[in-house]
Amino acid sequence: GIAGLVGYLIYFRSNGPGISNAEPSKNSSTPNIYTSNVPPTTTPVPSPTANAVATNASTPVSIATPPPQIDVSAIRSEVLKEIYGSKSARDSRDLSSCLSYYAETLDRYYTKRGMSRAGVRADKARHFSNYTSMQSDYSNMNVAVGPDGQTVTAVFDKEWNFSGVKTSSGKVQSQLIFKRINGRWLITTERDLKVYYAR
């Protein structure tokens, strides 16, 4: 029995599967799960949406265009020149020159509204036919420029002394309103605000 056991051990040692202590070959074709080339997984980062609005974006502000600067002094000088030019034309009885200071249509001419320049011409021509001498003086002149710089109102005292076929004298507070038309100041209103005396 002992001899048989010894023989079995000798047979097993020489023909059984051996146990090797050698390290596996580095050229092995078996893939290593720890050193594979699988790319690392990345955590997706959410991208900004198309409707996102930058927090520091500035809101456009509409700035109103300021009105043009009005040179009140220059306008007053221009209108005063027209006022005294009109006075000189009337006192000299120059009908054509006198009419050149009026607009084509007046808002008011004494008691009449919507007076045409032709109507003014007829009235002035009647006066010139009655008086061969016409003298007038202006005082207490007050010239106010409108906020848009396109209208001017002049209020002043007018004293006159006319002689000829008829005679007339008196003193009134007059008003002339001018509008800038085609680059020139023209009379659109002429009337008397107050009568001091008339004879």
Side-chain angles (χ1 to χ4, degrees), residues 59-164 166-199:
T59 303
V61 178
S62 177
I63 301 176
T65 303
Q69 187 68 26
I70 298 174
D71 191 340
V72 175
S73 179
I75 292 175
R76 290 183 77 256
S77 296
E78 292 172 1
V79 171
L80 283 171
K81 183 178 179 180
E82 300 295 329
I83 292 173
Y84 286 101
S86 172
K87 171 185 176 299
S88 177
R90 186 190 64 245
D91 288 354
S92 62
R93 303 172 63 250
D94 186 340
L95 183 58
S96 296
S97 178
C98 185
L99 292 175
S100 68
Y101 292 90
Y102 291 84
E104 288 290 340
T105 302
L106 279 69
D107 298 327
R108 183 166 179 173
Y109 183 74
Y110 293 98
T111 59
K112 296 181 180 180
R113 297 183 181 275
M115 188 75 156
S116 66
R117 185 185 286 178
V120 176
R121 180 186 185 90
D123 183 65
K124 299 296 183 186
R126 179 174 58 85
H127 278 79
F128 291 168
S129 65
N130 289 328
Y131 307 112
T132 56
S133 174
M134 302 180 71
Q135 296 179 348
S136 60
D137 292 312
Y138 292 170
S139 61
N140 299 323
M141 182 69 64
N142 188 344
V143 178
V145 180
D148 60 353
Q150 298 299 309
T151 60
V152 176
T153 301
V155 176
F156 54 94
D157 292 339
K158 178 177 68 176
E159 190 170 10
W160 73 92
N161 187 5
F162 300 162
S163 61
K166 295 182 178 181
T167 59
S168 176
S169 61
K171 184 177 181 180
V172 297
Q173 184 183 59
S174 292
Q175 181 190 62
L176 293 176
I177 298 178
F178 291 80
K179 289 184 181 179
R180 190 189 293 275
I181 301 174
N182 296 327
R184 185 182 171 187
W185 294 104
L186 297 177
I187 299 171
T188 58
T189 292
E190 180 176 11
R191 62 173 179 158
D192 294 335
L193 301 178
K194 182 191 299 184
V195 177
Y196 298 113
Y197 70 88
R199 55 178 178 265

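These numbers come from a predicted model, not from an experiment. Throughout, residue positions are numbered sequentially from 1 according to the sequence presented. Excluded from the calculations below are hydrogen atoms, water molecules and symmetry mates; all remaining heavy atoms, backbone and side chain alike, are included.
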As an exercise, state the distance from [atom1] of [X] to [atom2] of [Y], rounded to the nearest 0.5 Å.
X      : Y      : atom1 : atom2 : value
Gln175 : Asp192 : CD    : CG    : 10.0 Å
Leu176 : Tyr138 : CG    : OH    : 6.5 Å
Thr132 : Lys166 : OG1   : NZ    : 13.5 Å
Lys171 : Lys194 : NZ    : NZ    : 10.5 Å
Leu80  : Ile75  : CG    : CD1   : 12.0 Å
Ile187 : Cys98  : CD1   : SG    : 7.5 Å

Looking at every non-hydrogen atom in both residues, tell me the closest pair between [X] and [Y] and how far apart they are.
X      : Y      : answer
Trp185 : Gly149 : CH2-O, 3.4 Å
Ala89  : Tyr101 : CB-CE1, 4.2 Å
Ser169 : Asn161 : CB-OD1, 4.1 Å
Trp160 : Ser168 : NE1-OG, 2.9 Å
Ser100 : Leu186 : O-CD2, 3.6 Å
Ile70  : Asp148 : CD1-C, 3.7 Å

Problem set entry | Test ring pair (Phe, Tyr, Trp, His ring centres under 6.0 Å) applied to Tyr131 - qualifying residues, sequence neighbours left out | Phe162
Between [X] (side chain only) and [Y] (backbone N and O only), is there a donor and an acceptor less than 3.5 Å apart?
X      : Y      : value
Ser133 : Ser163 : no
Arg90  : Ser92  : no
Asp123 : Gly119 : no

Partners passing salt bridge (Lys or Arg N to Asp or Glu O under 4.0 Å) against [X] (at least two apart in sequence or in another chain):
X      : answer
Asp107 : Lys179
Arg184 : Glu82
Glu159 : none
Asp91  : Lys87

Exercise. When Tyr102 is tested against each of Arg121, Arg117, Glu190 for side-chain hydrogen bond (donor to acceptor under 3.5 Å, both in side chains), which residue passes?
Worked result: Glu190
Sub-4.5 Å side-chain heavy-atom contact between [X] and [Y]:
X      : Y      : answer
Asn140 : Phe156 : no
Met141 : Ile83  : yes
Arg180 : Glu78  : yes

Exercise. Do other residues, nucleotides or ligands put more than 12 heavy atoms under 6.0 Å from the CD atom of Gln150?
Worked result: yes
Exercise. Regarding Tyr196 and Asp157, is there a side-chain donor-to-acceptor distance under 3.5 Å anywhere?
Worked result: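 Distance-only check passes for Tyr196 and Asp157.
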Exercise. Of all residues at least two apart in sequence or in a different chain, which pass the side chain to side chain contact (heavy atoms under 4.5 Å, CB included) check with Arg93?
Worked result: Phe128, Met134
